[in-house]
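Reading through the structure tokens given below for one structure.
Keep in mind that what you see is a predicted model, and the values were worked out from it rather than measured. Just so you know, residue 1 is the first one in the sequence shown, and it goes up from there.
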Amino acid sequence: GALAITAGDLTVEDHGKISGNTLGPGVGGDISIDAGTVTVEGYGGIGVETFGSGHAGQLTITANDALTIQDNGLILANTNLPVSGQVSGHGGDITLIAPTMTLGGFGGVEADAFGSGDAGNITVEASALTLEGGGFIKSDTGAPTSRTNMGNAGNITVKAGDLTLESPGATTFNTFSAITSDTYGQGNAGAVSITATGAMVVDDALISIAARGGATGQGAALAITAGD
């Protein structure tokens with residue numbers, strides 16, 4: 001079934017989880033959250049994932065004041081590796097809406113495909129969106145250690161007033177603040193569309209759609225529109 005949460009302020013922290021997963025042929029539950037502020041931190045997570053043939057549910061979070069994902073917090077909708085067999089279910093879509101949104105401290109949003117099912121799409125809407133200190137939005141397919149999956153990555157749509165991506169001093173791929181839809185396997189990368197009607201700043205950060213490390217899947221389209 002569906003899970004609907006309405007709160008003044010919602011914090012998910014210290015490995016706490018809110019999940020609507022499916023482990024078999026059944027469809028996963030949808031999760032909708034409507035709160036003043038939403039904070040996900042300290043390895044906390046909110047997710048709709050599939051570990052089987054059933055499709056994952058949809059995840060929608062509306063924060064009327066601010067949404068913060070930090071300190072390895074994670075919002076996710078993956079198609080995962082099963083204990084046995086193959087994951088053929090599709091990942092759920094993620095929709096995040098807030099006037100102010102901050103992703104930092106290696107916290108982020110992901111909809112990845114590790115099986116034959118396609119990853120879900122990610123839509124982010126904010127008046128001010130900041131990715132800093134390794135914060136990320138990504139929908140990748142496959143993994144550097146396993147290239148046999150056939151699921152496609154999802155599309156990423158970012159609509160912001162002001163958009164800042166920064167990670168000063170970052171020196172390795174995994175430490176950059178990033179928006180990516182990459183393929184490491186047979187599946188194709190998803191399209192990335194970024195619109196910033198105000199200022200857009202990219203400082204030691206990464207925006208990527210790529211086929212990496214021997215992947216046979218194809219890259220996709222990247223569209224960026226910025227006001228300043």
List the atom of [X], the atom of [Y], and the distance in Å for their closest heavy-atom pair.
X    : Y    : answer
G154 : A119 : N-CB, 3.6 Å
D30  : Q58  : OD1-N, 2.7 Å
F136 : F106 : CE2-O, 3.5 Å
S139 : G120 : OG-O, 3.7 Å
V12  : G16  : CG1-O, 3.3 Å
G133 : S177 : N-OG, 3.3 Å

Out of curiosity, does [Y] fall in the hydrophobic cluster containing [X] (side-chain heavy atoms, cut-off under 4.5 Å, transitive links)?
X    : Y    : value
I97  : V158 : no
L103 : Y43  : no
L222 : L131 : yes

Residue pair T62, I33: steps toward the side-chain contact (heavy atoms from CB on, under 4.5 Å) verdict: CA-CA 6 Å; T62 301; I33 296 173; over 6 Å; no
Supply the atom-to-atom distance [X] [atom1] to [Y] [atom2], rounded to the nearest 0.5 angstrom.
X    : Y    : atom1 : atom2 : value
I46  : K17  : CD1   : NZ    : 10.0 Å
T39  : L10  : OG1   : CG    : 8.0 Å
M200 : D162 : CE    : CG    : 11.5 Å
D140 : E110 : CG    : CD    : 8.5 Å
I94  : I75  : CD1   : CD1   : 7.0 Å
D65  : T37  : CG    : OG1   : 6.5 Å

Residues forming a side-chain contact (heavy atoms from CB on, under 4.5 Å) with E132, sequence neighbours excluded: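 Checked E132 against side-chain contact (heavy atoms from CB on, under 4.5 Å); matches are T102, T130, E166.
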Partners meeting side-chain contact (heavy atoms from CB on, under 4.5 Å) with N121 (sequence neighbours left out): D93, N155
Residue pair E41, T68: steps toward the side-chain contact (heavy atoms from CB on, under 4.5 Å) verdict: CA-CA 8 Å; E41 61 186 3; T68 303; over 6 Å; no
Heavy-atom distance under 4.5 Å between the side chains of [X] and [Y], does that happen here?
X    : Y    : answer
I207 : T180 : no
L163 : I194 : yes
I156 : I179 : yes
I5   : I18  : yes
F173 : L206 : yes
L76  : V109 : no
V201 : L165 : no
T95  : I61  : no

Does [Y] offer a backbone N or O that forms a donor-acceptor pair with the side chain of [X] under 3.5 Å?
X    : Y    : answer
S167 : F176 : no
T183 : A189 : no
D71  : G105 : no

Pair D34, T6: side-chain N/O donor-acceptor within cut-off below 3.5 Å: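 No - no donor-acceptor pair under 3.5 Å links their side chains.
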S208 and D182 side chains, donor-acceptor separation under 3.5 Å: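 The criterion, which ignores hydrogens and geometry beyond distance, is satisfied for S208 and D182.
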Audit row: I69, L74, side-chain contact (heavy atoms from CB on, under 4.5 Å) steps and yes/no: CA-CA 7 Å; I69 310 170; L74 189 60; 5.8 Å; no
